[in-house]
Amino acid sequence: MEIVELARTIRARDPARPGWAEAVFCYAGLHAVLWHRLSHALWRLGLRGLGRFSSHLARMLTGIEIHPGARIGRRLFIDHGMGVVIGETAEIGDDVLIYHGVTLGGLSGQAGKRHPTVEDQVTIGAGAQVLGPFRVGQGARIGANAVVVGPVAPGCTVVGIPARPPAGQPCGDPSIGYGLTHPEEDPVAEQFTQLRAELATLRGEIATLKASQRASV
Ligand SMILES: CC(C)(COP(=O)(O)OP(=O)(O)OC[C@H]1O[C@@H](n2cnc3c(N)ncnc32)[C@H](O)[C@@H]1OP(=O)(O)O)[C@@H](O)C(=O)NCCC(=O)NCCS
């Protein structure tokens with residue numbers, strides 16, 4: 001059951017070590033993720049107005065705004081949560097940790113893919129703004145209040161505005177990408193990044209085509 005999985009994640013990851021009841025009843029992030037499953041299902045059924053209304057109710061109750069179109073993986077932990085905004089075409093992998101005040105937003109007003117894709121095990125610090133249709137690689141860490149406007153390599157830590165690796169800190173976890181110290185130079189990963197970007201573009205185009213088809217019916 002997802003509620004148990006989410007509560008277990010909270011108990012494991014929050015240093016405050018809440019009990020089971022506290023994790024289930026007192027964490028807005030858990031409520032927002034579960035509620036999003038309903039809003040997303042309505043959205044995917046084509047009941048878009050109802051999906052939006054459902055997500056709006058969740059926002060009023062949790063302070064966390066997740067567009068019903070956003071795709072969210074397993075065990076997302078939104079800690080504290082107030083002020084989090086997750087846009088329509090955002091994608092979030094498994095075991096991601098997001099603190100309060102984070103935006104996964106777009107930079108342009110264009111339709112189609114315009115929000116970030118956050119891979120597994122990423123941590124996004126309080127108040128960070130991640131803006132645009134790029135990837136934040138697996139295990140990356142984004143510092144509190146950073147403004148990220150471009151891709152982040154797997155395992156990389158970035159801070160500041162615009163976000164960059166802290167001075168003197170090599171970017172990336174050497175264990176990622178077959179022992180390369182700079183995973184961003186991994187040719188296989190590069191191909192994957194290109195393929196994923198093309199896939200994201202195609203998804204955006206399909207969404208635009210579907211929208212225009214619906215509008216013309
Ligand atoms: C980015 C982060 C993950 C880095 O952690 P870390 O690897 O332990 O890094 P360090 O603390 O060793 O800092 C490395 C350098 O980055 C700087 N730095 C760390 N976080 C920063 C931030 N958010 N903004 C700007 N600079 C930052 C440090 O000052 C240090 O710089 P220096 O080497 O010139 O002294 C962490 O600082 C962070 O921001 N985590 C989010 C925490 C959060 O949001 N908590 C909310 C709890 S309610």
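Side chains are part of it too, since the values below use all heavy atoms of this structure and drop only hydrogens, waters and symmetry mates. We count ligands from 1, going down the list as the structure has it; atoms in each ligand are counted the same way. Here, residue 1 is the first one in the sequence, and each next residue gets the next number.
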query = Taking it one step at a time, do Glu91 and Lys113 satisfy salt bridge (Lys or Arg N to Asp or Glu O under 4.0 Å)?
reply = CA-CA 10 Å; Glu91 293 167 77; Lys113 174 75 175 166; 3.0 Å; yes

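- Set against the non-hydrogen atoms of Pro166, the atoms of ligand 1 under 4.0 Å away are 15 (C), 16 (O).
- In summary, the side chains of Ser55 and Ser39 do not present any donor paired with an acceptor at a separation below 3.5 Å, with no hydrogens or angles considered.
- Looking only at side-chain heavy atoms (C-beta outward), Thr157 and Pro165 stay at 4.5 Å or farther from each other.
- Both the backbone and the side chain of Ala126 come within 4.0 Å of ligand 1, judged by heavy-atom distances.
- Checking only distances, Ala144 does come within under 3.5 Å of ligand 1, N or O to N or O.
- Residues His31 and Thr62 bring no donor and acceptor atom of their side chains to less than 3.5 Å of each other.
- Residues Arg11 and Arg17 are not in side-chain contact: their nearest non-hydrogen atoms beyond the backbone lie 4.5 Å or more apart.
- Using the six-membered ring where Trp is involved, Tyr27 and Phe77 have ring planes that are tilted, between 30° and 60° apart.
- In terms of protein heavy-atom proximity, atom 42 (C) of ligand 1 is closest to Tyr99 CE1, 4.4 Å.
- Close approach to His80 involves these atoms of ligand 1, each under 4.0 Å from a residue heavy atom: 48 (S).
- Proximity of atom 16 (O) of ligand 1 to the protein is indicated by at least one non-hydrogen atom lying closer than 4.0 angstrom.
- Considering only non-hydrogen protein atoms, atom 18 (N) of ligand 1 sits nearest to Val159 CG1, 4.0 Å.
- Annotation: side chain of His67 is in contact with side chain of Arg52 (closest heavy-atom distance under 4.5 Å).
- Summary of contacts: the protein heavy atom closest to atom 13 (O) of ligand 1 is Gln169 NE2, 4.6 Å.
- Proximity of atom 39 (O) of ligand 1 to the protein is indicated by at least one non-hydrogen atom lying closer than 4.0 angstrom.
- By the 4.5 Å heavy-atom criterion applied to side chains, Arg74 and Asp95 are not counted as neighbours.
- Distance check for atom 33 (O) of ligand 1: every protein heavy atom is found at 4.0 Å or beyond.
- For atom 47 (C) of ligand 1, the nearest protein heavy atom lies closer than 4.0 Å.
- For ligand 1, the atoms sitting less than 4.0 Å from at least one non-hydrogen atom of Gly125 are 41 (C), 44 (O), numbered in the order shown with element in parentheses.
- If you take CG on Leu76 and CD on Glu2, they are separated by 9.5 Å, rounding to the nearest 0.5 Å.
- For atom 5 (O) of ligand 1, a protein non-hydrogen atom is found at a distance below 4.0 Å.
- Closest protein heavy atom to atom 1 (C) of ligand 1: Gly143 CA, 3.3 Å.
- Under the 4.0 angstrom criterion, atom 27 (C) of ligand 1 counts as having a protein heavy-atom contact.
- Residue-to-ligand polar distances place Arg141 within reach of ligand 1: an N/O pair is separated by less than 3.5 Å.
- Contact of the Val130 side chain with the Val118 side chain is not registered, since no non-hydrogen atoms from C-beta on lie closer than 4.5 Å.
- For atom 11 (O) of ligand 1, no protein heavy-atom neighbour is present inside the 4.0 Å cut-off.
- For the pair Glu119 (side chain) and Thr117 (backbone), a donor-acceptor distance under 3.5 Å is absent.
- When distances from atom 30 (C) of ligand 1 to the protein are checked, no heavy atom turns up under 4.0 Å.
- Looking at Ile142 and Thr123, their side chains never come closer than 4.5 Å, going by heavy atoms from C-beta outward.
- Residue contact check: His100 has heavy atoms under 4.0 Å from atoms 48 (S) of ligand 1.
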